[in-house]
Every structure is written in C-alpha cells, then in structure tokens.
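The sequence lines fix the lettering, A, B, ..., with proteins before strands; numbering per chain opens at 1.
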Number of protein chains: 2
Amino acid sequence: MPNVSRRQALKLASAGAIGLANRALRSQKPQQNGQSVPVWQIFEATFQGPTGGNPFRDVHLSATFSFGSREVDVEGFYDGEGRYKVRFMPDAPGAWTFTTHCNEHELDGRVGEFSSVAAKPDAHGPVRVARTSHFEHVDGTPYYPFGTTCYAWIHQSEALQSETLETLRSAPFNKIRMCVFPKSYEYNHNEPALYPFERSHDGKSDFAKPNPAFYAHLERRILDLQRLGIEADLILFHPYDRWGYATMSAEDDDAYLRYVLARLSSCRNIWWSMANEFDLMKTKTAADFDRLFQLVTHYDAFNHLRSVHYSKTMYNYGHPWVTHASLQNSNFSSSGEYRRDWNKPIVFDEVGYEGNLNRRWGCMSSAEMIRKFWVGVISGSYVTHGECYLDNPADFREDSTPTLWWSHGGKLHGDTAKRVGFLKQIIEDTAPSNAHRIGWDPTPDPYYLNAVLYDTAGSRAETVLYYFDSHQPIWYQFPLPEGQFTAEYLDPDAGTISPIGGRFSGKPHLTLTGKPYQGVRFRRVS
Amino acid sequence: MPNVSRRQALKLASAGAIGLANRALRSQKPQQNGQSVPVWQIFEATFQGPTGGNPFRDVHLSATFSFGSREVDVEGFYDGEGRYKVRFMPDAPGAWTFTTHCNEHELDGRVGEFSSVAAKPDAHGPVRVARTSHFEHVDGTPYYPFGTTCYAWIHQSEALQSETLETLRSAPFNKIRMCVFPKSYEYNHNEPALYPFERSHDGKSDFAKPNPAFYAHLERRILDLQRLGIEADLILFHPYDRWGYATMSAEDDDAYLRYVLARLSSCRNIWWSMANEFDLMKTKTAADFDRLFQLVTHYDAFNHLRSVHYSKTMYNYGHPWVTHASLQNSNFSSSGEYRRDWNKPIVFDEVGYEGNLNRRWGCMSSAEMIRKFWVGVISGSYVTHGECYLDNPADFREDSTPTLWWSHGGKLHGDTAKRVGFLKQIIEDTAPSNAHRIGWDPTPDPYYLNAVLYDTAGSRAETVLYYFDSHQPIWYQFPLPEGQFTAEYLDPDAGTISPIGGRFSGKPHLTLTGKPYQGVRFRRVS
C-alpha cells in the first residue's frame, strides 16, 4: 500500500470538516496527530479513490471504529470528484481508531485515529426513548418534543431558507419534520435548486447517481438546525412527487437509504421518519417499509429514533424496529390505549395545520391548535405543530407556490408559537436539568384532564398539572398527593402564570376563573 | 248490574278530563251522547269501584277500544278514592267504542263510546322513527329533536316549575329529558312536595301504593309541555335515589311500570327513557332492562319511542324493542358507524352540560355546546342540551340545592339556547311542512363536515349544508349536485344568514370569512 504523500495529506485534511475539521491520513499506522473531536460531533475521514464506472454503486466502502475493546461499523460513501468518506460520531472521550474495508484495494485497510474530547455544553447526544413513553438525550438531558413541520424548506430559495432559520431561532420548536426529497403537491409547484440525483438535460433522473452537492446542502441545513437545538425528523420517502423519487425500484430505494444513512447518521440531531403518509405510496407496501426499516436499523451505527407516518392506514407501531409512534390523527383520548398497545412514546405528528387554506388539513384555528397541544401533552403524548396561512389569499392562483410554513418555511403568523412555547416552558420547568430529571405520566382525574409529574425515583409527585379544556368550572377541589404544594393559575391563551397565595395539601378547594381552556399547576415544596 | 244513578253519572262525567272533558257512563249500551275528542287528545272513562284491600294491586282493569274492525287494548288504573280509569288516544276521527275487562265484577264488561273528531292544528300525534335514522310525527309532520334536560323539574317548587315552563315557552327545545322519580344527588338535596308512592309517617314508602296526587301532577306537567310542543322524554328509572325507588323488587318495578303506562301512554308527547345511566343501578342488570322494555312494549298501546341511557356501559341498542339510541358521549365521528350498527336514529342525549360547576360534566363552555350541536347534527344525528350555571358560586354550600337548569329548571343563562334555535331553524327551514318533507343524510365531504338534505323522493338534494368546525378557510370550492343553487353564509355564533349574490352550480369557488365555526348553506332553485 502506498504511503500518503504530504500533499495528499494536506488535501485530505482540508477536504472533510463537517462541523469540526478533522483529519484522516492514509497510513498503516494510526494517525497520532489527528485533530480532536468533541463527543457528539462528527469525525470525518476523506480518501481519494477511483472515479471510473459508477463509484456510488461500484465501490463498497465501510469502516470499523474502535474504542478500547468496542468496535462500531459505519458505512462510507462517495462524495464525487474521487472523494470517499467515512463519518463517525464519538460517544465517549478518548482515543478512537478506525480501519476501512472496501472492494477497491486502494481504499481497503486504511487506518486512522482521532481523539475525542468532552462534549460541548450544548451537545447532549441523540434523543432516545426514556421511561417507556418519553424521550431524553443520551446524556440524560430531558427532551420533550415540541415539533413543527416544514416539509420542503430546504428546497426553497436561499433567502427563504435563511428566513426559516431566523424564525426557528426565536420559536419554541425543538423538532422539525422535513423531507429529503422535494415536494410536488398543491401549493408546491416550484423546482428545487438542487436535485438529490443526477439529472440528464431532459430532466430524467439517474437514481444510481446521488448528487453530492444536494447532500452537502441537506447536511448543512441539518447542522444549522443542530446549532439551534432542533432535532431533524427527516422524512426519507413521501408520495408527493413528480420526479420519480416515490416510485424508484427496491434496489434504488435500498442504495438511496444506504447513501443517506452513511452521510447523515453521524448527525446527532437526526430522527428517521421512513415516510410521510407511507400508505399513499402506491408502489410500496407495509412489507416494503418493514424491509426499509431493517436497512436503517442495519446502517445506522448510532441508533437514531425511527418511525413512519401514515395517512389512513397505520403502520404497525408495535414492530420492534419502530421506536415511537408518529400519528396522523388527534385521538388524544386514545393516548393511553396506544401506549398500552405499543409501549412506546406517542407523537401526534400531524394534527392538522393552523391556517386559512381551502383545505381541511390547512385551516385550523390557532385556538384549536393550542388546545390540541395541551390535551395531547396532558394525555402523556406529544404534538407537532404546522401552519398554512396565505398572506394574500385574493392574489393566490391555483398554479402558484405561496409561502406556507407547512411546506416552505418563512415566517410564522400570529402568536401560536408563543403559546406553544408557554406550554413547553411549563413542561421543561419541571425538569430544568439532569439533576432534576423527572418521569412524567398522566393520571386520569375522574373529572378533568390532569398529569402528575414524578421525581426521578418515579414515586413522588413533583408537579401536578391540570388542564380544563373546554370546561369552565368556577371552583374545583384538587386531590393532591401527600405533602405540601404551591399552586398557580395557568392561562395558556394569555401565557401567564399567576401564583395563588399559600401552601396546599390534601384536597384544596380553589376558586377558578370560569373561563374555558385554563390550567392549574401544583408544585411540591415539601 | 245496577244502572248508574244520575248523581253518579254527573260525578263521573266531571271526574275525568285530562286535557279534554269526556264522559263514560256505566251502561251495557254504548253511551251515545259522549263528548267528542279530537284525534291525538285523551279520552278518559272513569268508574267507581271497590276501595277495600289494595285496589292498585288487587284490581286488574283493562279495556278494549274498537274502531270499525280494529281493536286496541289498554290498561286501566286506580286513581284513588274509589275511582278507576281507562284512557285512550284516538288516532282517527270517527266512532270509538270500548268494553272493560276486570277481575272485579262491577268493573267488568262496562262499555262506552265516544266520537273522535279531526286533530287540532298543532297536534300531529306521537313521534316515530322515519327514514331509518330520523324522526317525524305520526301524521308526517317533520320532527327534528333539539332536546334539553331538566331531570327533576317537576319536583321543585310550584313557582320554579312555572318559571321553567315560562323559559321553555321562548326556548327552541322540543324535547325534554325528565324523571318520574325525584332526584337525590349532589346539588339535589331537597325533598319533593309529592312522592310517587304512599309514605308512612316515618318516611317509609309503600311501593304497592302509587300516589295518585303525584301522578296527577306529573300528567299536568306533561300536558303543559304538550301545549308548548315539547316531547317529554320521560325517564322511568334512575340511580340517584335516597327513597328506595332505585332498588325496588322486580315485582314492584313491574307494577310501577304498568301503572305509569296505564296513566301516561295516552299522552301523545311521551317518549319512554327506561333509565338514566341504567348501568349505575346496582340492583338491576341489562337483562332486567330487557324485561322492563318488554313490559313497556306490551302495555303501551300507542307505541311511543323507547330507549335507555347509560353511563359507562352501553345498552345493546340493536335490540328490536329499542327505537333509537340515547347516548352519553360526544363521539360524533362515530355517528355513521352507530347508524350502520343499529340502523336507528342516534340521539346524543348527554354530551356534557354547559355551566360553571366544579364537575367535569357540568362546566362546558357555551361555544363548545354549540359546536357539539352543529357537529352532531351535521353528522346525521341529534344532540340534547343541558346547563348548570351557579348564579352565586361564592355563596354556594355543598349541602345546598341551588337552581341549576340541568336538574331543577328555572332560567337559562347566556344565549346558548338562541344559538341552538338558529341551528334548529336552519334544519327546519329545509322541511317547513309536510309537503316539503325531506330526507336528511350526511354526506362526508373529503375535506369538511357537510350534510346533503334530499327531497321526498330521496334523490334530489334540496339543501347542502357545510359546517367548518374549528377550521377557518378563506375560500373553498363547494362540489354541488346537478342544478342551480343559492348560497348563504351562516354564522352560528352571531345567528346570521347572509345571502351571497348569484346562482351557483358545479363546483363554485366562494370566499369565506377566515373565522372558525362558520357554515354555508346552498338551496336549490332549479
């Protein structure tokens, strides 16, 4: 095996760098002076290799990363222009080494090493399932998903993408549902700037040849979200298509998935959503998705969350490879049943979209959206936001592509986000840090919606939260667990928390406002 | 058999008279000069008979009424003070005769006759099931139930009962759920003025001895409702009890039912509700209610509507003796499923109560109540109202009995009734008379809640009604049946109907307000 030249080494060292620069030199000896990579960031090694034939399909590159006695296999990928890469997300500080495997001799047996250092303060690792029906980051940091939806935001103009990120910066959302592929649908008639596969002049895609420039763009956007603390709930397939991505062959699907997984699995803020409305994909069955789930499980060395979203017919969320349910309905009263059936977190990922469109799914009132968030969360589940307001409905033509947050991003209208943020703060206040981590379970009150939030041991209620939905009692006797609690009125509409003087225990009788959609929070003081 | 004395005859002639005076003289020959009775009013014959023993149980009186070759058997009953009665509701004008049957010789074989004349203009006969899942009066007059609930109103003070009737006079409700027995429950601690059975000085009831004064009062109230055009959905059993009425023996239950049926079946505005929350009655099973239903079917010569209401566990509404479902839930999206399962009208009789009580069931917002009416009706079902506002909540004590419409009657608060009236008018406008009678079926729109109201032949849509629930589109394309239609905006909150200029056909594009909870009505012009 030839040694790497100094020039090659410099080139390789500068070629990678997603998030953090890193080095990987072609050498039989581990690279001693590789740049250090914080835990949960991305290490990337780049190699020059063959350009003949179709390197995307012909060259099978992978690597085994070692940490002490532990070994982790990752897929490599072709990034165009003779560049081959492997990426890795270290989960522990210390010395990591790797060795490549390839059917091309010059890319086989390449070794390297890097040093991982402590995670940056805002990096907590991927999100995992916790306490059966909830989530947390791998390092134990609480994570309560308050998602939003911008299906095709990465396929809009650069200016609009920047505006979307600016909106997200001040919004409460910490998860976003977004598609890899561009979207063809009503209100979505524009062509993307970058296509995920090579296209001939007559617009025909070559599904055997991914477009590295597109993926570099996608990755940049996912890392933009990562910097904002937002999980990318990345939708791998969807039926809204005029380019052929929805009807590729099984072979093309598999190769596509392997490529996406090899490129993106090292992003700590990735969730895999196998599809949006999988059951509307005419050439794929639920069994096809079973297979695709297996591929994701196999190729994702970092075990990101996995689910799939449906239109009419649910996928079997009980399958062991599904980490959580991703529902399109608003059956919050079935939350408990869903949890019993699947023993997993329940995310109501599509509850309709707030807006003013001439479509049922896109014209819910803001008040109803907020109500759904509260009822969903109090039922022990999670809810995802979406919005579709036409700015100038009178000017709208059927063949135009307005800017709707739902698909394009841009700006949010009204103050729904602020109200979602209020609820998020209420929930996160009960778990301000790792040390205060709590379990959180709804306890059906005989009369009202309520949730009891327990301490770490799961045995002592820290917070008791009531939400009255459309009810408007003027007083109520609140059964409390043993101990002393403070009490506050919560007004989800006004976003106010009003302390009620005194300490409460037993079954205190509190006067209420007699308005609907109000809440009360009790917090333990002893 | 002794002839009736002149004095006796006069007494008998004046003793009966519910609604209309009538005569029945003891004679082997039919009474030729009996007063005429309009169709759907009550004919009553009174006889003096034995007073020894327990006439309520010992004397078994019935009568066969004949009209041409038709014969109808009715039960008679003891009204105290030696008076025995049979009642009858003629359904056709002409000459009716009757003969009594009795185990007491002097009451057996008594005959009489009366002449029935045309129904009064506002009398349309009992309500029946029509077009599978709807209702109408026997004479074909459309009837769309918009009910309310005052469980124990007949057990309150005379002044409060008068106020209730005055409220009902200007309210839109045409059905009322009300109990025979007084109610013992939270907010219901008062004793009734009249008890349904004789009581000893120590308050012990003798279930073998109905109290005729109580029944006379109940009848008066049912006829008061009849004059207001309101159907009495009379609840025969309920679990909220401290007097023992909920836990009588099967023998007592049967005798009670026979007595109620004998007295009340001739009231044209009666519906039989076997129970409120039958499944909360600890000493009765669903099978007991099967038996009680058989008794009602047997003793009610006039075949009034029959159902039963539940708390948690539904009665089997598929049973052939149940005429319609009387539900305690708000699962309007299951309306179609319920209709398919039972092939009967669906009445959501308890959807919660508007109010401000410290109970989940009694503190719904007015907006939510109205929304439930619209969603229920648009789903092809019917909804019953109820209200629980404490006037002076600060003054309320747990052991007091405030005046809550739900149980006591009195006044209605706010303008919910007005809004229910608006919807009722919308529905009734589509069927202003017998000649314009229409079938009415919901047709699920792919995007919005809508109902198509057909003409008599069931083949031509006369009215197409849309309701947008919490959706707020700013325009919509409305698919219409063949023909030309006018269009109007409906604002259920403001109670306004705003015509939209022009004629519409095909799939017209209409601009909407962008507010939630709005409707649109299309009416055929050609």
Chemist: Hey, what do you get for CG (N356(B)) to NE2 (H471(A)), rounding to the nearest 0.5 Å?
Modeler: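 Between N356(B) CG and H471(A) NE2, I get 13.5 Å after rounding to 0.5 Å.
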
Chemist: Count the heavy-atom pairs under 4.5 Å between each of G355(A), S365(A), P516(A) and chain B, then report the option with the highest count.
Modeler: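 Ranked by contacts with chain B, first place is S365(A).
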
Chemist: Would you mind reporting whether R360(B) and Y476(A) have side-chain heavy atoms less than 4.5 Å apart?
Modeler: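 Contact flag for Y476(A)/R360(B) side chains = no.
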
Chemist: Measure the CG-OG distance between N329(A) and S333(B) for me, rounded to the nearest 0.5 Å.
Modeler: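 Answer for the CG-OG pair, N329(A) versus S333(B), is 10.5 Å.
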
Chemist: Could you grab the distance from atom CZ of F468(B) to atom CE of M364(A), nearest 0.5 Å is fine?
Modeler: 15.0 Å

Chemist: Report the option among G514(A), A367(A), S470(A) that has the most heavy-atom pairs separated by less than 4.5 Å from atoms of chain B.
Modeler: S470(A)

Chemist: Could you tell me which portion of T513(A) (side chain, backbone, both or neither) has an atom closer than 4.5 angstrom to a non-hydrogen atom of chain B?
Modeler: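 For T513(A), neither part sits under 4.5 Å from chain B.
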
Chemist: Please flag which part of Y389(B) lies under 4.5 Å from any non-hydrogen atom of chain A: side chain, backbone, both or neither.
Modeler: side chain

